[in-house]
Amino acid sequence: MPEINPTEPSNFIEQIITEDIKQGKNQGKVHTRFPPEPNGYLHIGHAKSICLNFGLAQKFGGKCNLRFDDTNPVKEEQEYIDAIMRDVRWLGFDWEDRLFHASDYFEQLCAWAEKLIQDGKAYVCDLSAEDVRLTRGTLTQPGKESPFRIRSVEENLDLFRRMKAGEFPDGSHTLRAKIDMAAPNLNLRDPVLYRILRATHPRTGDQWCIYPMYDWAHGQSDSIEGITHSICTLEFEDHRPLYDWFVEQLGIHHPQQIEFARLNLSYTVMSKRKLLQLVRDGRVSGWDDPRMPTLSGLRRRGYTPEAIRNFTERIGLAKRASVVDVAFLEHCLREDQNQPAPRRMAVLRPLKVVIENYPEGQVEQMEAINNPEDPSAGMRLLPFSRELYIERDDFREEPPPKFFRLAVGREVRLRYGYIIKCERVIKDATTGEVIELRCTYDPTPLAQITRKVKSTLHWVSAQAAVNAEVRLYDHLFTQEDPEDVPEGEDWTAGLNPNSLEILTGCKLEPILAEAESGYHCQFERQGYFCADLDSKPGRPVFNRSVGLKDEWGRLEKKQGAGG
RNA sequence: UGGGAUGUCGUCCAACGGCAGGACACAUGACUCUGGAUCAUGGUAUCGGGGUUCGAAUCCCUGCAUCCCAGCCA
């Protein structure tokens with residue numbers, strides 16, 4: 001990664017913090033936090049926030065907490081808590097001893113609620129959820145004050161304590177802040193602080209039957225933790241006046257909230273609600289389906305923490321709502337993998353080649369470079385034999401213009417092998433499908449060949465090949481913007497029916513037989529692949545993480561488009 | 001229609017009153033035992049209209065467009 005110069009702010013938040021330090025705010029300290037709700041798995045958008053918050057702490061010599069905003073037990077689960085911690089660690093960040101939960105502060109939050117009541121700034125409201133909605137007013141009209149707004153401090157205190165003690169049924173009462181029902185900012189129209197909710201909380205179990213609303217818990221949690229810069233996404237800009245009001249009423253440490261635009265990716269949905277729906281409806285195999293933008297999905301797909309960190313750094317940071325081209329994410333993976341990934345031979349859609357003038361039964365061990373980008377990666381041996389597999393795509397009966405690969409009468413080079421010439425084609429008698437190529441080879445070692453040969457193909461010895469399953473992925477959605485669907489349809493209408501293609505009977509070079517899950521390599525001329533969780537010794541399963549840039553593919557598409 | 005925000009290449013981000021720059025994408029070429037990688041080259045942008053200024057993407061006025069807010073979700 002490029003050296004970061006701490007004196008040179010790289011985005012507007014760093015500018016603000018640099019200025020704050022210069023002004024001596026917070027005694028020059030920087031303390032941030034990453035505050036997920038454990039109601040789903042982390043995705044690449046969260047990675048942006050994680051890298052930002054932990055990165056800021058690193059850059060300015062401060063600290064970053066991990067805090068679960070676990071205020072809604074109805075949606076939150078231990079599975080998510082575990083997954084989130086796993087993913088943050090995997091991304092490369094360490095919260096050390098600073099693992100916190102909003103639920104750690106439930107007692108304190110209650111005490112503060114009582115203080116608000118004492119000060120006449122909060123009241124218990126008996127209105128139903130429906131009535132609260134009806135009296136909130138609209139965007140253009142002020143709300144109506146609740147008839148319970150005028151209750152005495154004593155009555156409010158008594159009622160609130162009885163709410164907490166479990167004397168009232170769910171939904172029968174709320175504690176509300178007494179602010180301004182006519183405020184143009186809807187968040188200030190007597191927001192609910194507590195609701196009665198009998199649900200088992202992943203951490204506190206059945207200890208509580210009232211739970212604080214996020215708005216009531218979040219700012220105070222930051223305050224308790226001594227957060228100096230409370231970084232969140234744009235939609236909370238409207239809530240800032242409310243958070244400010246709370247800490248002011250309470251007279252406690254006032255974190256500075258700074259909002260930034262969340263990450264959107266083309267051809268991708270990024271809301272946890274939608275991702276959850278994809279999982280629940282079985283549109284994907286799970287949260288870690290390699291097509292998912294979740295960190296667990298990207299990891300399984302073959303993305304590395306470095307690639308993701310670099311991506312989040314390079315997309316920049318601003319307040320403008322934007323959509324990053326998913327091609328840029330893919331670029332970051334290629335860039336990350338080009339230097340380190342060992343090169344391997346793999347034929348995905350095999351076509352048999354018989355070299356008629358190559359001695360039957362003979363096997364030569366050809367020396368192959370493991371990684372042309374890294375001489376220290378050394379060499380390996382590749383068995384060459386009379387029968388081979390090449391890629392079906394590398395042969396055409398009627399080669400279009402600019403197609404440099406194999407055709408009858410043409411020569412190509414087999415990488416680390418020999419030059420072969422296609423003599424004739426054998427077809428299936430009934431279907432007419434090409435099932436075998438009969439070729440001859442030039443026994444001259446490649447190093448001594450002086451004539452120009454246009455193309456180099458990858459290949460695998462038929463005898464030595466390892467059978468494998470390879471999974472190819474495409475974007476989950478066919479539309480750049482999944483919301484851009486015909487009238488009356490919802491976002492699932494744009495789901496790409498071809499986002500997963502499973503190839504069986506792929507032929508890998510022998511060394512790949514024992515690849516362990518998580519093993520990354522490049523299949524030459526095709527892309528970066530990694531062994532999937534489902535991979536077993538002797539029965540490898542590979543995921544295509546990202547394809548290589550494909551000039552011929554582009555040309556072909558252009559030709560197909562008649563251009 | 002109230003409030004909050006945002007408008008710069010196709011996309012993302014810079015430029016903080018002084019030559020609009022980078023990355024991705026795209027195009028062209030060089031090189032190549034990966035049509036990979038690498039290298040070179042090219043095109044395309046300041047939302048509109050006024051104003052201030054020697055000078056405006058930047059400051060002021062005005063219009064327009066887009067996003068967010070009417071959960072006892074976060």
Side-chain angles (χ1 to χ4, degrees), chain A residues 10-12 15 35-37 39 69 71-72 74-76 125 127-130 132-134 136-143 170-176 182-189 191-197 210-211 213-215 217-218 232-241 259 261 263 266 272-273 314-332 334-335 338-339 343 345 368-369 372-373 402-405 412-417 419 446-447 449 453-458 480 522-527 547-555:
Chain A
S10 74
N11 60 57
F12 78 99
Q15 282 179 13
E37 184 195 12
N39 67 342
D69 273 337
T71 54
N72 185 4
V74 174
K75 292 185 176 172
E76 297 157 8
C125 182
L127 253 25
S128 67
E130 171 77 354
V132 169
R133 185 172 63 78
L134 260 21
R136 186 156 21 231
T138 68
L139 294 179
T140 51
Q141 289 167 325
D170 286 12
S172 60
H173 299 70
T174 55
L175 183 73
R176 294 226 259 163
N185 180 344
L186 268 46
N187 295 121
L188 266 17
R189 320 242 262 228
V192 171
L193 269 32
Y194 278 96
R195 73 278 217 190
I196 303 173
L197 197 62
I210 58 170
Y211 288 94
M213 297 292 291
Y214 171 86
D215 276 350
H218 185 80
C232 65
T233 44
L234 256 26
E235 67 270 28
F236 294 105
E237 211 150 17
D238 279 348
H239 298 237
R240 179 154 31 96
E259 306 85 8
L263 171 67
S266 57
K272 277 197 271 186
R273 200 199 97 239
R314 295 226 275 149
I315 51 174
L317 191 69
K319 294 193 68 161
R320 170 171 17 164
S322 58
V323 182
V324 173
D325 191 342
V326 71
F328 187 61
L329 212 213
E330 294 168 349
H331 164 81
C332 288
R334 282 191 208 100
E335 187 180 63
N338 178 41
Q339 299 289 325
R343 271 54 172 177
M345 296 289 197
I369 296 165
E373 300 288 328
K402 300 278 180 64
F403 182 86
F404 302 145
R405 282 113 92 147
V412 295
R413 180 168 37 233
L414 294 180
R415 180 142 229 224
Y416 306 124
I419 287 178
L446 280 181
I449 298 276
V453 179
K454 275 270 194 188
S455 183
T456 303
L457 307 189
H458 61 277
E480 234 181 277
Q522 181 194 99
F523 288 173
E524 287 214 23
R525 300 211 302 136
Q526 310 203 81
L548 250 25
K549 281 212 231 162
D550 177 12
E551 186 139 327
W552 166 243
R554 215 177 307 152
L555 272 173

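Given the structure is predicted, the values throughout are model-derived calculations rather than measurements. Throughout, a chain's letter reflects where its sequence line sits, starting with A, and its residues are numbered from 1.
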Say we look at [N] and [M]: how far apart would their [atom1] atoms be, to the nearest angstrom?
{"N": "B/C72", "M": "B/C67", "atom1": "P", "result": "24 Å"}
{"N": "B/G7", "M": "B/G42", "atom1": "P", "result": "30 Å"}
{"N": "B/A37", "M": "B/G55", "atom1": "P", "result": "48 Å"}
{"N": "B/G21", "M": "B/U34", "atom1": "P", "result": "36 Å"}
{"N": "B/G10", "M": "B/A27", "atom1": "P", "result": "16 Å"}
{"N": "B/A70", "M": "B/G18", "atom1": "C1'", "result": "48 Å"}
{"N": "B/G36", "M": "B/A25", "atom1": "P", "result": "13 Å"}
{"N": "B/G63", "M": "B/C24", "atom1": "C1'", "result": "34 Å"}

What is the distance from [atom1] of [X] to [atom2] of [N], rounded to the nearest Å?
{"X": "A/L548", "N": "B/U34", "atom1": "CG", "atom2": "C1'", "answer": "7 Å"}
{"X": "A/E330", "N": "B/C26", "atom1": "CD", "atom2": "C1'", "answer": "16 Å"}
{"X": "A/L329", "N": "B/C12", "atom1": "CG", "atom2": "P", "answer": "15 Å"}
{"X": "A/E551", "N": "B/U32", "atom1": "CD", "atom2": "P", "answer": "15 Å"}
{"X": "A/I369", "N": "B/U34", "atom1": "CD1", "atom2": "P", "answer": "9 Å"}
{"X": "A/W552", "N": "B/A37", "atom1": "CH2", "atom2": "C1'", "answer": "21 Å"}
{"X": "A/D325", "N": "B/C9", "atom1": "CG", "atom2": "P", "answer": "15 Å"}
{"X": "A/R240", "N": "B/G3", "atom1": "CZ", "atom2": "P", "answer": "17 Å"}

How would you label the contact of [X] with the nucleic acid (heavy atoms, under 4.0 Å): base, sugar-phosphate, or nothing?
{"X": "A/P241", "answer": "nothing"}
{"X": "A/V323", "answer": "sugar-phosphate"}
{"X": "A/F523", "answer": "nothing"}
{"X": "A/E237", "answer": "sugar-phosphate"}

Quick test of the criterion, 5.5 Å between centres and less than 30° between planes. Is A/F404 stacked on B/G35 or not?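 Check passed, A/F404 stacks on base of B/G35.
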A/E480 (side chain) and B/G10 (base): donor-acceptor pair under 3.5 Å: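 No, the side chain and the base share no sub-3.5 Å donor-acceptor pair.
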Is there a donor and acceptor pair, one atom on the side chain of A/Q522 and one on the base of B/U34, closer than 3.5 Å?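 Flag set: donor-acceptor pair detected.
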Examine [N]: is either OP1 or OP2 under 4.0 Å from a nitrogen or oxygen in the side chain of [X]? Give yes or no.
{"X": "A/T456", "N": "B/U32", "value": "no"}
{"X": "A/H458", "N": "B/U34", "value": "no"}
{"X": "A/R554", "N": "B/A25", "value": "no"}
{"X": "A/R525", "N": "B/G35", "value": "yes"}

What I want to check is whether the side chains of [X] and [Y] have a donor and an acceptor closer together than 3.5 Å.
{"X": "A/R314", "Y": "A/H331", "answer": "yes"}
{"X": "A/T233", "Y": "A/E235", "answer": "yes"}
{"X": "A/R415", "Y": "A/H458", "answer": "no"}

Which of parallel (below 30°), tilted (30 to 60°) and perpendicular (above 60°) describes A/Y214 and A/F236?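 The arrangement is tilted - the two ring planes meet at 30° to 60°.
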Identify which one of A/L193, A/V192, A/T174 satisfies the side-chain contact (heavy atoms from CB on, under 4.5 Å) criterion when paired with A/M213.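 Output: one option passes, namely A/V192.
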Does A/E37 pair with A/K272 as a salt bridge, N-O distance under 4.0 Å?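 Looking at A/E37 and A/K272, the cut-off is not met.
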Derivation and outcome, side-chain contact (heavy atoms from CB on, under 4.5 Å), residues A/I419 and A/V412: CA-CA 6 Å; A/I419 287 178; A/V412 295; over 6 Å; no
side-chain contact (heavy atoms from CB on, under 4.5 Å) between A/L175 and A/R195, intermediate numbers included: CA-CA 7 Å; A/L175 183 73; A/R195 73 278 217 190; over 6 Å; no
Side chain of A/I315 (C-beta onward), nearest among B/C12, B/U34, B/A25: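 From the listed options, B/C12 comes nearest.
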State the [atom1]-[atom2] distance between [X] and [Y], to the nearest 0.5 angstrom.
{"X": "A/K454", "Y": "A/F403", "atom1": "NZ", "atom2": "CZ", "answer": "13.0 Å"}
{"X": "A/F328", "Y": "A/S266", "atom1": "CZ", "atom2": "OG", "answer": "12.0 Å"}
{"X": "A/E480", "Y": "A/D325", "atom1": "CD", "atom2": "CG", "answer": "6.5 Å"}
{"X": "A/W552", "Y": "A/R405", "atom1": "CH2", "atom2": "CZ", "answer": "7.5 Å"}
{"X": "A/H173", "Y": "A/I210", "atom1": "NE2", "atom2": "CD1", "answer": "12.5 Å"}
{"X": "A/R343", "Y": "A/R525", "atom1": "CZ", "atom2": "CZ", "answer": "14.0 Å"}

When you match A/T140 and A/N11 each to their closest nucleotide on RNA chain B, which lands nearer the 5' end?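 Taking each residue's closest nucleotide, the earlier one in sequence belongs to A/T140.
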Measure all distances between protein nitrogen or oxygen atoms and nitrogen or oxygen atoms of nucleotides 15-17 of chain B, and list the pairs falling under 3.5 Å.
from	atom 1	to	atom 2	distance (Å)
B/C16	N3	A/Q15	OE1	3.4
B/C16	N4	A/Q15	OE1	3.2
B/C16	N4	A/Q15	NE2	2.5

Output one letter per nucleotide in nucleotides 63-74 of chain B: B when a protein non-hydrogen atom lies under 4.0 Å from the base, S when only the sugar-phosphate is that close, - when neither is. -----BBBSBSB
When you check the glycosidic angle of B/G71, does it come out syn, meaning within 90° of 0, or anti?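 Chi for B/G71 falls in the syn range.
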Given pairs defined as Watson-Crick or G-U wobble with both distances under 3.5 Å, what dot-bracket annotation applies to RNA chain B, with ( ) intrastrand, [ ] crossing, | other strand and . unpaired? .((((((..((((....[..)))).(((((.......)))))....(((((..]....))))))))))).....
